[in-house]
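Since the structure is predicted, the reported quantities are computational estimates derived from the model, not experimental observations.
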Amino acid sequence: MSAMRDDELDARSDATDDAPRVGDDPQAAEILASGRGPQHARPPFDARHRKLSPNELAQARLGWSDDDEDEPVRTRRPSKRRTAAIFLRDVVIVAVLALVVSMAMKTWIVRPYYIPSASMHETLIENDRILVNLFVPELVPLERGDVVVFTDPGGWLPPSMPKDKSPLEAFRDGTLETIGLKPEDANNTLIKRVIGLPGDHVTCCTVYGQVAVNDVPISEPYAQLAGNTAASGVPFDVTVPANSIWVMGDNRYNSQDSRYHQDLPTGGFVPMESVVGKAFLVNYPFEHFGVLGNYPEVFANVPNREPGAN
């Protein structure tokens, strides 16, 4: 490219000298000084925009600088006190939720009980812990063969005095019962097996010593007869009224059940309103763990009868 001539340089210099400058315009100078002017007027690169070296990048990632190599740059972290408070809050929330769920289950779904007597041998042994389905019979109907927990209809159990407890024991037991970790007090409840439903005609004994339901003899593999041949040591012939059930213990010669309370106002029948629920699981001790069946094959051929039917 040919060199510029001197007359061209002089012409450009004159043009530059004659061009208006920012300093000549007070308004423009004010705008520029306030930072409201066009950003491209600033230098494209200055100390704030310089490119970091690889060493500076590594130092920035590690959180320290050459100016203070012995002390790391402190980041904003929760204090130990705040961390402990957050942990304690979470523990309280979890505990409250667990308590609410446990109380709801115990009130409406499942309730634990323990077995105080031998009337259900060998199905249930003393001090077995069981779970009871509270949906039965309100939402789920009872079936023959179900093992049920019910409150004393009146006169089945002898009067019992409450056991003396210290304030600490009473508080402990009350708390554990409330949250469902301690079985319910069994002083006013019983557990038996349903043999007759409303309308059923239940008799004992046939010529073979069997119980008959609606004229159908049944073979009961769960019944313990203590060396006897008859399914009951007490003969009976009953028809179950509406809204009631006829119950018997599996340990037939050691069970104070419907057979032994026929002289009471309820006639030995258990009103449906007294039924707490259906026992469905032995959950303790672990060697007895298992589902409580209702032996549907035993009653498979038994026809249904409506209450009041002949």
- Message: With rounding to the nearest 0.5 angstrom, report the OH to CD1 distance, Tyr114 to Ile130.
- Response: 11.5 Å
- Item | Step-by-step salt bridge (Lys or Arg N to Asp or Glu O under 4.0 Å) determination, Asp146 to Lys278 | CA-CA 7 Å; Asp146 284 346; Lys278 170 187 172 182; 3.5 Å; yes
- Transitively linked via ILVMFWY side-chain contacts under 4.5 Å: Val96 with Phe87? no
- Message: How long is the straight-line distance from OG of Ser255 back to CE of Met248, given to the nearest 0.5 Å?
- Response: 8.0 Å
- Message: Counting C-beta onward and ignoring hydrogens, is there a side-chain heavy-atom pair between Val238 and Gln262 closer than 4.5 Å?
- Response: yes
- Validation row: Asn127, Tyr284 side chains within 4.5 angstrom (heavy atoms): no
- Please name the pair of heavy atoms, one in Gly199 and one in Thr239, separated by the smallest distance, quoted to 0.1 Å. O-CG2, 4.1 Å
- Distance, nearest 0.5 Å, that separates CG of Asn188 from CG of Leu157: 6.5 Å
- Message: Using the rule that Ile, Leu, Val, Met, Phe, Trp and Tyr join whenever any side-chain heavy atoms are under 4.5 Å apart, tell me whether Tyr113 and Phe286 fall into a single cluster.
- Response: no
- Set of side-chain hydrogen bond (donor to acceptor under 3.5 Å, both in side chains) partners for Ser244, sequence neighbours left out: none
- Is there a path of hydrophobic side-chain contacts, each under 4.5 Å between heavy atoms of I, L, V, M, F, W or Y residues, that connects Phe299 with Phe236? yes
- Task: Start with the C-alpha gap between Tyr253 and Asn228, add the side-chain angles, then the distance that decides, and say whether side-chain contact (heavy atoms from CB on, under 4.5 Å) holds.
- Result: CA-CA 9 Å; Tyr253 287 82; Asn228 297 283; 3.4 Å; yes
- Sole candidate of Gln224, Arg193, His121 that passes side-chain hydrogen bond (donor to acceptor under 3.5 Å, both in side chains) when paired with Asp250: Arg193
- Rounded to the nearest 0.5 Å, how far apart are CD of Glu306 and CG of Leu197? 10.5 Å
- Message: Is it true that, when you exclude Asp152 itself, more than 12 heavy atoms of the residues, nucleotides or ligands shown sit nearer than 6.0 Å to its CG?
- Response: yes
- Item | Hphob cluster co-occupancy, Val247 + Val298, side-chain heavy atoms under 4.5 angstrom | no
- Item | Pairs where residues 216-241 contributes a residue and the test salt bridge (charged side-chain N to carboxylate O under 4.0 Å, His left out) is met, not counting sequence neighbours | Glu220-Arg252
- Query: Can you tell which of Thr123, Asp128, Asn283 makes a side-chain hydrogen bond (donor to acceptor under 3.5 Å, both in side chains) with His288?
  - Reply: Asp128
- Message: Would you compute the distance between atom OG1 of Thr189 and atom CZ of Arg111 and round it to the nearest 0.5 angstrom?
- Response: 10.0 Å
- Are His201 and Asp215 close enough that some pair of their side-chain heavy atoms sits under 4.5 Å apart? yes
- For atom OH of Tyr260, is the number of surrounding heavy atoms from other residues, nucleotides or ligands below 6.0 Å larger than 12? yes
- Message: Is it the case that the side chain of Asp200 and the backbone of Val213 share a donor-acceptor pair, with hydrogens and angles ignored and the cut-off at 3.5 Å?
- Response: no
- Ile115 and Val282: side-chain contact (heavy atoms from CB on, under 4.5 Å), yes or no, with the steps? CA-CA 10 Å; Ile115 305 303; Val282 180; over 6 Å; no
- Message: Tell me whether Leu225 shares a hydrophobic cluster with Val234, the cluster being built from Ile, Leu, Val, Met, Phe, Trp, Tyr side chains joined at under 4.5 Å.
- Response: no
- Message: For a 4.5 angstrom cut-off between non-hydrogen side-chain atoms, does Asp257 reach Ser119?
- Response: no
- Task: Check the surroundings of atom CD in Glu138: do more than 12 heavy atoms from other residues, nucleotides or ligands lie under 6.0 Å from it?
- Result: no
- Kindly write out the residues that satisfy side-chain contact (heavy atoms from CB on, under 4.5 Å) with His261, not counting sequence neighbours, or none if the list is empty. Trp156, Gln256, Leu264
- Task: Using a 4.5 Å cut-off on heavy atoms from C-beta on, say whether the side chain of Leu131 contacts that of Phe280.
- Result: yes
- When Val211 is tested against each of Ile195, Val216, Thr203, Thr206 for side chain to side chain contact (heavy atoms under 4.5 Å, CB included), which residue passes? Ile195
- Message: Given 3.5 Å as the limit, does a donor-acceptor pair link the side chain of Ser258 with the main chain of Phe269, or not?
- Response: no
- Query: Can you tell me how far the CZ atom of Arg259 sits from the CH2 atom of Trp246, to the nearest 0.5 Å?
  - Reply: 8.5 Å
- Heavy atoms of other groups near Asn301 CG, more than 12 under 6.0 Å: no
- Less than 4.5 Å apart, any side-chain heavy atom of Arg144 and any of Asn294? no
- Item | Side-chain heavy-atom pair Leu142, Val136 within 4.5 angstrom cut-off | yes
- Student check: side-chain heavy atoms of Ile245 and Val148 closer than 4.5 Å: yes
